[in-house]
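Here the structure comes first, spelled out in structure tokens, and everything after it is commentary.
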Amino acid sequence: MRRLIAISSAIACAQLTAVASAQTAPAAPTAAPPPVAPAPATTPAPAYPPPAAAPAPAPAAAPAPASTTVIVTAPVVPVPVPSPVASAPPVGNSPLDGPQPMTSKWATTFYGFAEFDAINDSTQSFNDTAGNALIAKRTTLAGKNDRTTFGMRNSRFGFKVTSPEYHGIKASGVVEADFLGNQATGFSEQQIFSNAALRVRHFALKVETPVVDMMFGQYWGLFGWQLYYGPNTVEIQGVPGEVFSRTAQARFSKTIKAGDSSIDIAVAAVRPPQRNSGVPDGQGGVRFTYAGWKTVRTVNSTGTSEDGLSIGVSGVARRFIEPNFNAAPTGRKGKSGYGISLDALMPIIPGTMQNRANSLALNGSFVAGTGIADLYSGLNGGVPVAPPLPNPGMVTPAPTYAADIDQGLTTYDSAGNLHTINWQSYIIGIQYILPVEEVWISANYSHMKSSNATRYTDAAGAAKIFNKSHWWDVNLFYDMTKAVRFGGEFAQFMQTYGDGKTAKNNRFQFSAFYIF
């Protein structure tokens with residue numbers, strides 16, 4: 001090997017010398033030069049640097065032929081090239097390969113908003129979320145004094161994950177949470193508002209196929225086509241008179257499109273409000289949308305979108321089965337509940353996301369049913385699950401009835417008959433985007449009433465139950481940037497109790513949002 005290296009080096013040096021001489025020497029004449037005597041035999045110069053130990057001297061070179069120019073050419077030394085690595089055969093080209101894993105990346109969207117709320121209420125009745133909580137009467141200490149709340153608990157974040165389409169099937173999932181989680185009794189205000197508890201809002205998977213779409217998990221209820229027809233308000237939803245519920249469900253739906261028109265048809269098996277009934281809720285609905293007539297509107301405080309004319313109808317059917325009205329029940333009684341919702345979105349002045357100025361939209365919902373209080377936010381009206389049990393022997397402690405259902409859905413009368421509680425409500429809202437399209441105003445009004453909430457108790461009990469409510473608000477929004485939004489609201493809550501007395505709360509709220 002060392003000998004080969006030495007020979008190759010010598011040849012390369014000779015070639016470089018010859019080329020350099022050819023570049024610096026004058027051009028040769030065209031006539032043939034006189035013959036030159038043969039060059040004597042010589043021994044090639046050793047390679048530089050010389051090998052450490054040459055095994056033997058190089059043999060004498062043969063005499064060069066008579067010529068005017070000596071051209072030395074180095075032999076071509078092949079460079080060793082590694083043999084190519086055999087690549088694996090392509091996968092999935094043969095039916096015998098079987099199903100192959102998807103290799104495309106999944107798309108993940110991170111979204112949400114950070115929210116700050118500053119709220120002043122004229123009574124000490126509400127938390128940051130008012131909903132349908134009871135308003136303290138003016139004759140009470142809580143009804144005579146105000147309350148100020150600062151908070152961020154309505155801030156939320158979520159992830160939406162979409163997987164690659166597979167044989168015409170699209171799958172996605174959503175995970176969304178906020179900080180309005182339930183707090184155990186005994187927690188301080190510091191713990192509730194500064195160390196807010198995380199709460200699941202949505203946690204569901206969706207599968208879209210050419211035949212039917214499916215969704216499984218916790219999401220907006222189908223009843224009322226939530227939250228498509230929700231009002232635009234600074235207030236934390238849901239507000240009085242608004243159907244507002246999220247729960248676990250298995251939903252099946254189909255959208256039929258024809259040009260700018262589409263029809264959505266959906267049915268769902270939904271978590272029952274009473275597990276011990278053994279029967280899930282049934283919900284269903286039909287919605288018509290015309291995309292040829294659109295405007296820009298905002299649902300809640302942050303959901304700005306471009307939507308078309310829409311009309312929806314939906315219903316719910318449910319079953320309640322409760323233990324007999326007894327301290328030691330030996331049987332059960334059943335009662336059915338139901339509800340119907342009519343909803344509409346009307347673009348009055350059209351608009352687009354690129355040109356929002358002067359957009360005007362009107363939305364409204366009408367709901368009637370019985371045993372549906374849980375489909376509103378925090379509604380029970382003060383209706384007890386059952387009156388106190390009879391205690392003719394005046395035993396101590398008095399016998400009690402162990403209920404297995406949430407308050408406000410059903411009640412027993414003193415004779416042991418089971419009843420569902422009726423509710424009827426409507427809510428309407430309007431919103432207008434000013435010519436300065438970063439600013440818009442909105443206003444909402446709702447009314448609720450129950451025809452039997454106070455019927456199954458005495459006068460003392462009726463005085464603790466409200467059977468009518470009114471709510472209205474006005475809002476001003478300003479988008480400082482596409483991510484920063486400010487909103488201000490004045491709202492008034494009114495409730496009429498079974499004794500005819502009215503309780504009222506005025507609310508001022510300022511909120512700031514960073515939307516991402």
Side-chain angles (χ1 to χ4, degrees), residues 121 123 125-137 180 182 199 220-221 223-224 226-227 229-231 233 235-247 270-274 281 283 300 314-316 318 320 335 337-341 343 365-386 403 405-411 419-427 444-457 461-473 491-498 502-505 507:
D121 288 304
T123 69
S125 307
F126 298 145
N127 210 336
D128 44 2
T129 302
N132 294 278
L134 301 180
I135 302 174
K137 294 180 180 179
L180 287 167
N182 293 321
R199 176 184 72 165
W220 293 115
F223 183 67
Q226 302 171 58
L227 191 62
Y229 299 99
T233 175
E235 194 166 318
I236 299 175
Q237 292 183 277
V239 299
E242 176 192 11
V243 171
F244 191 87
S245 63
R246 297 178 302 272
T247 193
V270 182
R271 180 191 67 83
Q274 182 199 25
D281 275 11
Q283 297 187 10
N300 199 342
S314 56
V316 57
R318 52 195 3 189
F320 306 102
K335 203 74 175 178
Y338 64 87
I340 186 170
S341 178
D343 308 274
S365 298
F366 172 82
V367 176
T370 186
I372 59 171
D374 63 312
L375 300 179
Y376 297 86
S377 182
L379 174 64
N380 60 49
V383 179
V385 174
I405 191 171
D406 291 341
Q407 183 181 356
L409 295 167
T410 64
T411 189
H419 306 274
T420 54
I421 304 303
N422 306 332
W423 284 102
Q424 179 178 301
S425 69
Y426 64 85
I427 182 170
N444 305 280
Y445 173 79
S446 75
H447 172 72
M448 301 186 71
K449 69 177 182 179
S450 173
S451 60
N452 67 345
T454 61
R455 183 180 300 173
Y456 310 110
T457 186
K464 301 176 183 178
I465 300 171
F466 79 83
N467 54 10
K468 291 181 183 178
S469 80
H470 301 266
W471 171 84
W472 62 270
D473 80 338
Q492 186 173 87
F493 302 74
M494 293 177 288
Q495 294 171 353
T496 302
Y497 284 81
T502 299
K504 182 172 67 174
N505 180 86
R507 166 170 285 200

Exercise for the section: Verify the ring-centre separation between Trp220 and Phe244: is it less than 6.0 angstrom? Expected result: yes

Problem - Any residue meeting side-chain contact (heavy atoms from CB on, under 4.5 Å) with Ala386, in chain and number order, not counting sequence neighbours - result: Phe325, Tyr401, Tyr412

Completion exercise
Rounded to the nearest 0.5 Å, the CG atom of Asp128 sits from the CD1 atom of Ile236 at a distance of 4.5 Å

Handout entry: Full working for side-chain contact (heavy atoms from CB on, under 4.5 Å) between Thr420 and Tyr338
Key = CA-CA 10 Å; Thr420 54; Tyr338 64 87; over 6 Å; no

Exercise for the section: Just jot down the side-chain hydrogen bond (donor to acceptor under 3.5 Å, both in side chains) partners of Tyr445, sequence neighbours excluded, or say none. Expected result: His470

Practice task
Decide side-chain contact (heavy atoms from CB on, under 4.5 Å) for Ile340 and Phe366; before the verdict, give the C-alpha distance in whole Å, the side-chain angles of both, and the deciding distance to 0.1 Å.
Solution key: CA-CA 8 Å; Ile340 186 170; Phe366 172 82; 5.7 Å; no

Exercise for the section: Kindly write out the residues that satisfy side-chain hydrogen bond (donor to acceptor under 3.5 Å, both in side chains) with Gln424, not counting sequence neighbours, or none if the list is empty. Expected result: none

Exercise for the section: Over 60° means perpendicular and under 30° means parallel, so classify the ring planes of His419 and Tyr456, tilted if in between. Expected result: parallel

Handout entry: Residues Ile427, Val239; criterion side-chain contact (heavy atoms from CB on, under 4.5 Å); working and verdict
Key = CA-CA 10 Å; Ile427 182 170; Val239 299; 3.9 Å; yes

Practice task
Working to the nearest 0.5 Å, report the span between CZ of Arg199 and CZ of Arg246.
Solution key: 4.5 Å

Exercise for the section: State, without any angle test, whether Ser450 and Asn467 hold a side-chain donor-acceptor pair at a distance under 3.5 Å. Expected result: no

Exercise for the section: Establish, from distance only, whether the side-chain atoms of Asn505 and Ser125 form a donor-acceptor pair under 3.5 Å. Expected result: no

Practice task
Go through the structure and list residues passing side-chain hydrogen bond (donor to acceptor under 3.5 Å, both in side chains) with Thr129, not counting sequence neighbours.
Solution key: none

Exercise for the section: For residues Gln226 and Ser245, determine if any side-chain heavy atom of one lies less than 4.5 Å from a side-chain heavy atom of the other. Expected result: yes

Problem - Residues that Gln283 engages under side-chain hydrogen bond (donor to acceptor under 3.5 Å, both in side chains), provided they are two or more places apart - result: none

Handout entry: All pairs passing side-chain hydrogen bond (donor to acceptor under 3.5 Å, both in side chains) where residues 373-384 contributes a residue, at least two apart
Key = Arg318-Asp374, Tyr376-Ser425

Handout entry: Side-chain heavy-atom pair Pro384, Ile465 within 4.5 angstrom cut-off
Key = yes

Handout entry: Heavy-atom check, side chain of Leu379 versus side chain of Met448, under 4.5 Å
Key = yes

